[in-house]
Student: 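I have a structure here, written as structure tokens, and I will follow up with some questions on it.
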Amino acid sequence: MDFIIKKHQQLLQALQAADYHFITFRDYCEGHRYDKMVILRHDVDLLPQHSLRFAKVQAALGVHGSYYFRAVPESWDEAVIKEISSLGHEVGYHYECLTTCGGDMAAGIQDFEKHLKALRQLAEVKTLCMHGSPLSPYDSKDLWKEHSYRDYGLIGEPYFDADFNDLFYLTDTGRRWDGWKVSVRDKVAQQEEWVKQGLVFHSTEDIIDAVQKGRSLSTSTALSNHGVEVPDRVMFTFHPQRWNASFLPWAKELVLQNAKNLIKRFLVS
């Protein structure tokens, strides 16, 4: 079974065994670089207790990542935010201000300021990351066409400040690792070139195989990546609400996500 907590732990252990160095996105923005490194990004869209479970598993392995919280009740759990921060992880703001404010720039920046201030009452916040809101006509990254997040003491936003010519990007969007096909906004320009290189992984096991053996032995992907190694510098994006520890919630998430993917595929097309 994929998208279970045990599989996530196995992925982390495989990366550790292959001598990858784990850093937060804040570390990256502050100039930390290693020959082999992994940035663990987590979008806390829903079910924050799932993110806390991720954070505890990672902390037990001596690994730390970046957790981005939305300013909505489904994500904003103050006890969880504080505990994740106390475990040594980075806390960031998962903003969606133009969606919540109907595209109004003035209202959007006020909404941004309000919730950034509130989040900073709970943890130090130095980076931010846009929430895609796939059903919304508004892209919240457009907020920065008229404003600068650096004016708020923020040093990085992945869609602007991550160099994807140097970082390979893997996201579990769509509850699969080749989910760019059904993604509305979680995309990077380099994806087409990566596909040409065979850097396509469908399941978590595909990634683990490639990390452990230097190449993927899986034949389950649409494009065989036989002989392709996982690059030395990688950013992962996880949506922890998609990862479960027991069968019933795992099955429910599988069915719901498959339905969402059909809708998103239509929107993309």
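Excluded from the calculations below are hydrogen atoms, water molecules and symmetry mates; all remaining heavy atoms, backbone and side chain alike, are included.
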Student: Just so I know, are the side chains of Arg150 and Asp161 near enough to count as touching, which here means a heavy-atom distance under 4.5 Å?
Tutor: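 SC-SC contact between Arg150 and Asp161 confirmed.
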
Student: Whether the Thr204 and Trp177 side chains hold a donor-acceptor pair (N or O, under 3.5 Å, no angle test) is what I'd like checked.
Tutor: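 Yes - a donor-acceptor pair under 3.5 Å links their side chains.
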
Student: Should the pair Glu90-Lys126 be classified as a salt bridge under the 4.0 Å nitrogen-to-oxygen rule?
Tutor: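 Salt bridge between Glu90 and Lys126, a charged N being under 4.0 Å from a carboxylate O: no.
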
Student: Find out whether Trp76 and Val44 are in side-chain contact, i.e. whether some heavy atom of one side chain is under 4.5 Å from a heavy atom of the other.
Tutor: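 No. Closest side-chain heavy atoms not under 4.5 Å.
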
Student: Is Tyr93 close to Arg70 at the side-chain level, that is, under 4.5 Å between some pair of heavy atoms?
Tutor: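 The answer is no; the side chains never approach within 4.5 Å.
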
Student: Nearest 0.5 angstrom please: Leu143 CG to Met105 CE, how far?
Tutor: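 Result: 6.0 Å between the selected atoms.
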
Student: Do Ile208 and Lys7 make a side-chain contact, defined as non-hydrogen atoms from C-beta onward lying under 4.5 Å apart?
Tutor: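 Yes, close enough: below the 4.5 Å cut-off.
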
Student: Between His239 and Asp43 (side chain of the first, backbone of the second, donor and acceptor by atom type, cut-off under 3.5 Å), is there such a pair?
Tutor: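 No; judged by distance alone, with no hydrogens or angles, the pair does not exist.
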
Student: Strictly below 4.0 Å, N to O, side chains only: are Glu124 and Arg26 in salt-bridge contact?
Tutor: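 So Glu124 pairs with Arg26 through a salt bridge.
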
Student: Less than 4.5 Å apart, any side-chain heavy atom of Tyr152 and any of Glu113?
Tutor: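 Side chain of Tyr152 against side chain of Glu113, heavy atoms only: contact under 4.5 Å found.
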
Student: Can you name the nearest heavy-atom pair linking Asp232 to Tyr20, along with the distance?
Tutor: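 Closest pair (atom of Asp232, atom of Tyr20, distance): O-CE2, 3.3 Å.
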
Student: Applying side-chain contact (heavy atoms from CB on, under 4.5 Å), can you list everything that pairs with Lys6, at least two apart in sequence or on another chain?
Tutor: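 Partners of Lys6 under the side-chain contact (heavy atoms from CB on, under 4.5 Å) test: Ile4, Gln10.
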
Student: Please tell me whether Thr127 and Tyr68 have a donor and an acceptor in their side chains that are separated by less than 3.5 angstrom.
Tutor: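 Their side chains do contain a donor-acceptor pair, which is all the 3.5 Å distance test asks for.
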
Student: Give the C-alpha distance, both sets of side-chain angles, the deciding distance and a yes or no for side-chain contact (heavy atoms from CB on, under 4.5 Å) between Gln9 and Leu12.
Tutor: CA-CA 5 Å; Gln9 184 178 36; Leu12 297 176; 5.6 Å; no

Student: Between Tyr67 and Ala55 (side chain of the first, backbone of the second, donor and acceptor by atom type, cut-off under 3.5 Å), is there such a pair?
Tutor: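 Looks like yes, one N/O pair under 3.5 Å.
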
Student: Compare every heavy atom of Val211 with every heavy atom of Val230, then report the nearest pair and how far apart it is.
Tutor: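 Result for this residue pair: CG2-CG2, 3.8 Å.
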
Student: List the atom of Thr173, the atom of Arg242, and the distance in Å for their closest heavy-atom pair.
Tutor: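 For Thr173 and Arg242, the tightest heavy-atom pair comes out as CA-NH1, 3.7 Å.
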
Student: Measuring from Asp163:CG to Met235:CE, what's the distance to the nearest 0.5 Å?
Tutor: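 Between atom CG of Asp163 and atom CE of Met235 there are 10.5 Å.
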
Student: Atom CD of Gln197 and atom CD of Gln190: how far apart are they, to the nearest 0.5 Å?
Tutor: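 Here the interatomic distance stands at 10.5 Å.
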
Student: Is the centre of the Tyr149 ring less than 6.0 Å from the centre of the Phe112 ring?
Tutor: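 Between Phe112 and Tyr149, which both carry aromatic rings, the centre distance is not below 6.0 Å.
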
Student: For residues Ile155 and Phe160: do they belong to one hydrophobic cluster (side chain heavy atoms under 4.5 Å, members Ile, Leu, Val, Met, Phe, Trp, Tyr)?
Tutor: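 Not linked; separate clusters.
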
Student: If every non-hydrogen atom of Arg53 is compared with every non-hydrogen atom of Ala245, which pair is closest and at what distance?
Tutor: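 In terms of heavy atoms, the two residues are closest at NH1-CB, 3.8 Å.
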
Student: Please list, chain by chain and in numerical order, all residues satisfying side chain to side chain donor-acceptor pair (under 3.5 Å) with Thr24, sequence neighbours excluded.
Tutor: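 Residues passing side chain to side chain donor-acceptor pair (under 3.5 Å) with Thr24: Asp27.
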
Student: Before you tell me yes or no, could you show the steps for Val91 and Leu122 under side-chain contact (heavy atoms from CB on, under 4.5 Å), namely the whole-Å CA-CA distance, both residues' side-chain angles and the distance that decides it to 0.1 Å?
Tutor: CA-CA 9 Å; Val91 167; Leu122 306 173; over 6 Å; no

Student: Kindly compute the distance separating OH (Tyr34) from CD1 (Ile23), expressed to the nearest 0.5 Å.
Tutor: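 With rounding to 0.5 Å, OH (Tyr34) is 7.0 Å from CD1 (Ile23).
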
Student: Exactly one of Phe201, Phe168, Trp180 should register a ring-ring contact (aromatic ring centres under 6.0 Å, His included) with Trp194. Which one does?
Tutor: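 Result for ring-ring contact (aromatic ring centres under 6.0 Å, His included) with Trp194: Phe168.
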
Student: Give a yes or no answer on whether the side chain of Asp209 reaches the backbone of Asp206 with a donor-acceptor pair at less than 3.5 Å.
Tutor: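 Checking the backbone N and O of Asp206 against the side chain of Asp209, no donor-acceptor pair under 3.5 Å is found.
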
Student: Where the side chain of His50 meets the backbone of Trp243, is there a donor-acceptor pair that is under 3.5 Å apart?
Tutor: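 It does hold such a pair.
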
Student: What distance do Asn244 atom CG and His8 atom NE2 have between them, rounded to the nearest 0.5 Å?
Tutor: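 One finds 13.0 Å between CG of Asn244 and NE2 of His8.
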
Student: With a 4.5 Å cut-off on side-chain heavy atoms, are Leu15 and Phe22 touching?
Tutor: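 Touching, per the 4.5 Å side-chain cut-off.
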
Student: Please report the shortest heavy-atom distance between Arg120 and Val125, naming the atom on each side.
Tutor: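 In this case the closest contact between Arg120 and Val125 is NH2-O, 2.9 Å.
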
Student: Any salt bridge linking Asp166 with Arg233? Criterion: basic side-chain nitrogen under 4.0 Å from a carboxylate oxygen.
Tutor: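 Judged by the 4.0 Å cut-off on N to carboxylate O distance, Asp166 and Arg233 do form a salt bridge.
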
Student: For Lys36 and Ala18, indicate whether the former's side chain and the latter's backbone hold a donor-acceptor pair under 3.5 Å.
Tutor: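 Yes.
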
Student: When you measure from the side chain of Gln16 to the backbone of Leu61, do you find a donor-acceptor pair of N or O atoms at a distance under 3.5 Å?
Tutor: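 It does hold such a pair.
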
Student: May I ask you to check whether Trp144 and Tyr95 place their ring centres under 6.0 Å from each other?
Tutor: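 Yes.
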
Student: Any chance you could measure His94, atom NE2, to His131, atom NE2, to the nearest 0.5 Å?
Tutor: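 Atom-to-atom, His94:NE2 and His131:NE2 are 5.5 Å apart.
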
Student: Is there side-chain contact between Leu167 and Met37, with heavy atoms separated by less than 4.5 Å?
Tutor: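 Leu167 reaches Met37 side chain to side chain.
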
Student: Any side-chain to backbone donor/acceptor pair from His42 onto Ser51? Under 3.5 Å, distance only.
Tutor: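 No, because the side chain of His42 does not come within donor-acceptor range (under 3.5 Å) of the backbone of Ser51.
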
Student: Determine the minimum heavy-atom distance between Asp77 and Pro48, stating which atoms define it.
Tutor: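 Here Asp77 and Pro48 meet closest at CB-CG, 3.7 Å.
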
Student: Output yes when a side-chain donor or acceptor of Ser66 lies under 3.5 Å from a complementary backbone atom of Phe25, and no otherwise.
Tutor: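 Between the backbone of Phe25 and the side chain of Ser66 there is a qualifying donor-acceptor contact (under 3.5 Å).
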
Student: Test salt bridge (charged side-chain N to carboxylate O under 4.0 Å, His left out) on Lys56 and Glu83; report intermediate values, then the result.
Tutor: CA-CA 9 Å; Lys56 288 180 176 179; Glu83 187 166 358; 3.7 Å; yes

Student: Under 3.5 Å, is there a donor on one side chain and an acceptor on the other for Tyr169 and Thr237?
Tutor: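 Judged by distance alone, the side chains do pair up.
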
Student: Where the side chain of Ser75 meets the backbone of Asp45, is there a donor-acceptor pair that is under 3.5 Å apart?
Tutor: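 Here the side-chain-to-backbone pair does not exist.
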
Student: Short question: side chain of Glu157, backbone of Met130 - any donor-acceptor pair under 3.5 Å?
Tutor: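 Confirmed, Glu157 side chain pairs with Met130 backbone.
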
